[in-house]
Every structure is written in C-alpha cells, then in structure tokens.
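Below is one structure, written out as structure tokens; comments come after it.
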Number of protein chains: 2
Amino acid sequence: MTSVAKLTDHTGYWMRMVSNAVSQEFSRKVSCEDVTVAEWSFMRSLYDLEPTPPSILAERMTMTKGAISKLAERLMAKGLVAKAQSREDRRAHNLSLTTKGRAKIPVLASLADQNDADFFGVLTKEEHETLDHILRVLTERRDLKATPVD
Amino acid sequence: MTSVAKLTDHTGYWMRMVSNAVSQEFSRKVSCEDVTVAEWSFMRSLYDLEPTPPSILAERMTMTKGAISKLAERLMAKGLVAKAQSREDRRAHNLSLTTKGRAKIPVLASLADQNDADFFGVLTKEEHETLDHILRVLTERRDLKATPVD
DNA sequence: AACTCCTTGTTGACTAGGAAACTAAATCGA
DNA sequence: TCGATTTAGTTTCCTAGTCAACAAGGAGTT
C-alpha cells in the first residue's frame with residue numbers, strides 16, 4: 001500500500017478519542033461538585049501527601065509550577081485548600097486540604113469509580129485486565145512521568 | 001476496602017497518561033514541519049473530503065465551528081489551506097488543501113506512522129491487536145463521535 | 001562578609017479551544 | 001412577497017494551560 005495512512009489507522013488516534021471521552025464525561029460528573037478534573041487530581045494527590053509544597057505536587061501531577069500555582073489559587077478561593085508558610089525555608093509553602101476539601105474526597109473518588117465503571121464496564125473482565133496491563137506496559141517502557149519541561 | 005480509591009486505580013487515569021504522552025511526542029515530531037497535531041488532523045481530514053465546507057470538517061473532527069474557523073485561518077496564513085466562496089450558497093465556503101499543503105500530507109502521515117510504531121511497537125503483535133480491538137469496542141459502544149455541544 | 005549560583009514560587013504574555021452572541025444569507029410558510 | 005426561522009461562519013469572551021522572566025531566599029565558596 002503506497003497510499004497515505006488514514007487518521008484512523010493509528011492506535012494513538014483511538015486512544016485520544018477514548019481518553020477524551022472519558023475525561024469529558026468525568027468532567028461532567030464532577031462539575032456537580034463544583035470541581036474540575038485537574039482540581040480533583042490535585043486534591044487527590046494532596047490527600048496522600050499533605051502537607052506538601054507546590055513543587056512536589058507539580059512533579060507528581062506532571063504539570064508546571066506555574067499551573068500548580070494557579071490551580072492552588074483557585075482551590076484556595078473555593079476554600080478547599082490552604083497554604084502555610086514553611087518555617088525552615090522562607091521561600092517555601094505547604095499545601096493542605098481544608099476540612100471542607102477533605103470531606104469532598106470520598107465523594108469525588110466515588111464519582112471517579114463510577115466513571116470508570118460506566119466506561120470500561122462494557123469490557124469483559126479479561127479485556128479490562130488486558131487493557132490495564134497494556135497501559136502499564138506502555139507507561140513503564142516509556143518512563144512516563146511525562147515531560148513538563150519546567 | 002473502605003478506603004478512598006487512588007488516582008492510579010482507574011483505567012481512565014492511565015489512559016489519559018498514555019494518550020497525552022503519545023500526543024505530546026507526536027506534537028514534537030510534527031513541529032519540525034511547522035504544524036500542530038490539530039493542524040495535521042485538519043489537513044488529513046480535508047485530504048479525503050476536499051473541497052468541503054468548515055461545518056463538515058467540524059463534525060468529522062468533533063470540534064466546534066469556532067475552533068475550525070480559527071484553525072482554518074491559521075492554516076491559510078501558513079499557505080497550506082485555501083478557502084473559496086461557494087456559488088450556490090453565498091454564506092458557505094469550501095476548504096481545500098493548497099499544493100503546498102497537499103505535498104505535506106505524505107510527510108506528516110509518515111511521521112504519524114512512525115509515532116505509532118515508536119509507542120506501540122513495544123507491544124507484542126497480539127497485545128497491539130487486542131488494544132486496537134478494545135478501543136474500537138469502547139468507541140462503538142459509547143457512540144463516540146464525541147460530543148461537541150455546538 | 002560577599003559573590004555566585006541554585007531553588008521556590010508567582011507573574012505576565014501567549015496559545016488553543018469552548019460557549020454563546022452575532023451577521024448574513026437561505027428557506028419556509030402565509 | 002414578506003416576515004419568521006434556520007443555517008453557515010465569524011467573533012468575543014472566558015478558561016486553563018505552557019513558557020519565560022522574575023523576585024526573594026538559601027547554600028556554597030573564597
């Protein structure tokens with residue numbers, strides 16, 4: 001075949017299609033809790049790490065420091081996250097969830113569970129396991145911490 | 001387990017991780033041709049359809065009319081796409097690739113092939129086929145033309 | 001101490017896209 | 001044929017991110 005490949009000939013195309021759909025639907029779900037997908041991700045990461053500086057969070061979420069800074073600001077405005085000055089280092093800050101923020105975590109987590117079930121529930125158990133396995137393989141082989149240049 | 005699900009417990013999370021990495025790497029590749037991923041997608045769609053109005057392209061690419069309008073403008077500025085007034089309908093336009101634009105298609109397609117190979121080449125043939133199959137299933141069951149609300 | 005270099009976090013300029021308002025033209029119905 | 005509705009495309013405003021410049025503080029060296 002000398003002909004030019006179609007968009008749909010590439011696995012990456014379908015990947016993006018599905019990934020976008022999953023995120024879009026999840027976005028719709030969490031919007032009821034007045035939260036975005038990025039905000040959920042931020043809060044869930046923080047839940048494991050708090051209190052933690054923005055820099056660590058940026059690394060974990062593979063976003064730039066700038067993005068984290070703005071994301072944190074939005075979450076503080078919503079009263080879900082709090083920022084405290086570090087004592088040892090006067091440049092540094094520590095982020096934590098507020099009580100209100102922490103209370104949201106189980107609710108959002110359950111929406112995430114549901115979203116995954118909604119989407120991947122159509123697969124057989126075996127298919128689902130295979131998919132997870134493949135995604136792991138791809139992530140590991142590529143060393144996907146992803147690549148925020150910052 | 002009464003505990004709260006981790007981000008990494010969800011297939012959607014890994015999906016987005018891999019999808020982003022694929023797109024990011026592809027973006028890097030096509031940037032050498034001074035083109036973005038969206039622009040490639042636009043041009044490749046147009047290649048099959050030209051001459052075609054923006055509205056059809058919006059549908060195919062599942063983007064809003066506004067986004068297409070701007071994308072077309074950028075591509076015209078680069079001399080890769082041309083716009084002609086329709087004769088039958090004075091509101092409508094037809095988009096086509098320019099000679100220069102058409103000449104880029106095989107080059108970009110080959111970069112897309114390469115990107116897919118780079119990423120999914122680590123999979124066994126069977127794994128790759130299974131992945132494609134699963135993505136198809138997910139797309140079809142969900143009727144993923146995606147959902148540009150516009 | 002003073003100088004240099006590194007690190008932390010914020011900011012501003014820029015980009016891409018969505019939502020909705022808008023303009024112009026076509027179509028439909030009386 | 002004229003008004004109402006629909007359709008095609010553009011434009012404006014908004015959000016969310018990157019990138020690069022920056023200020024301020026820490027760390028190491030002499």
For this session: Let me see the working for A:Lys78 and A:Glu39 under salt bridge (Lys or Arg N to Asp or Glu O under 4.0 Å), right down to the final yes or no.
Result: CA-CA 11 Å; A:Lys78 291 185 186 177; A:Glu39 285 165 3; 2.8 Å; yes

Would one find a side-chain N or O of [X] under 4.0 angstrom from OP1 or OP2 of [N]?
X       : N      : result
A:Thr64 : D:dT18 : yes
A:Ser55 : C:dT7  : no
B:Thr36 : C:dA16 : no

Distance check needed: [N] [atom2] versus [X] [atom1], whole Å only.
X       : N      : atom1 : atom2 : answer
A:Arg28 : C:dA19 : CZ    : P     : 14 Å
B:Gln24 : C:dT15 : CD    : C1'   : 15 Å
A:Arg16 : C:dG17 : CZ    : C1'   : 13 Å
A:Leu71 : C:dT10 : CG    : C1'   : 14 Å
A:His93 : D:dG26 : NE2   : P     : 12 Å
A:Glu59 : C:dG9  : CD    : C1'   : 15 Å
B:Asn20 : D:dA16 : CG    : C1'   : 14 Å
A:Glu73 : C:dT8  : CD    : C1'   : 16 Å

Exercise. Going by an N to O cut-off under 4.0 Å, is there a salt bridge joining A:Glu25 and A:Lys29?
Worked result: yes

Could I get a table of every N or O pair under 3.5 Å where one atom is in the protein and the other is in nucleotides 22-28 of chain C?
residue : atom : partner : partner atom : Å
C:dA25  : N3   : B:Arg91 : NH1          : 3.4
C:dA26  : OP1  : B:Arg90 : N            : 2.9

Problem set entry | Residue pairs fulfilling salt bridge (charged side-chain N to carboxylate O under 4.0 Å, His left out) with at least one residue in residues 89-103 of chain A, sequence neighbours excluded |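 Those involving residues 89-103 of chain A are A:Glu50-A:Arg102, A:Asp89-A:Arg91.
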
Exercise. Taking N and O atoms by type only, does the side chain of B:Lys70 place a donor or acceptor under 3.5 Å from a partner on the base of C:dG18?
Worked result: yes

Exercise. Taking all atoms of both residues into account, what is the closest heavy-atom pair of A:Leu46 and A:Ser96, and its distance?
Worked result: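 Smallest interatomic distance, heavy atoms only, reads CD2-C, 3.7 Å.
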
Exercise. Can you tell me how far the CZ atom of B:Arg44 sits from the CG atom of B:Leu49, to the nearest 0.5 Å?
Worked result: 9.5 Å

Problem set entry | Value rounded to 0.5 Å, distance of CE in B:Met61 from CD1 in B:Ile68 |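 Reported to 0.5 Å precision, the distance equals 4.5 Å.
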
Exercise. Which sits closer to the 5' end of DNA chain C, A:Ala92 or B:Arg74, going by the nucleotide each is nearest to?
Worked result: A:Ala92

For this session: Assign the ring pair B:Phe120 / B:His128 to parallel, tilted or perpendicular, where the plane angle (0 to 90°) is split at 30° and 60°.
Result: tilted

Exercise. Of all the nucleotides listed (D:dT10, C:dT8, D:dT18), which has the minimum atom distance to the side chain of B:Ser69?
Worked result: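 Closest nucleotide to the B:Ser69 side chain: D:dT10.
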
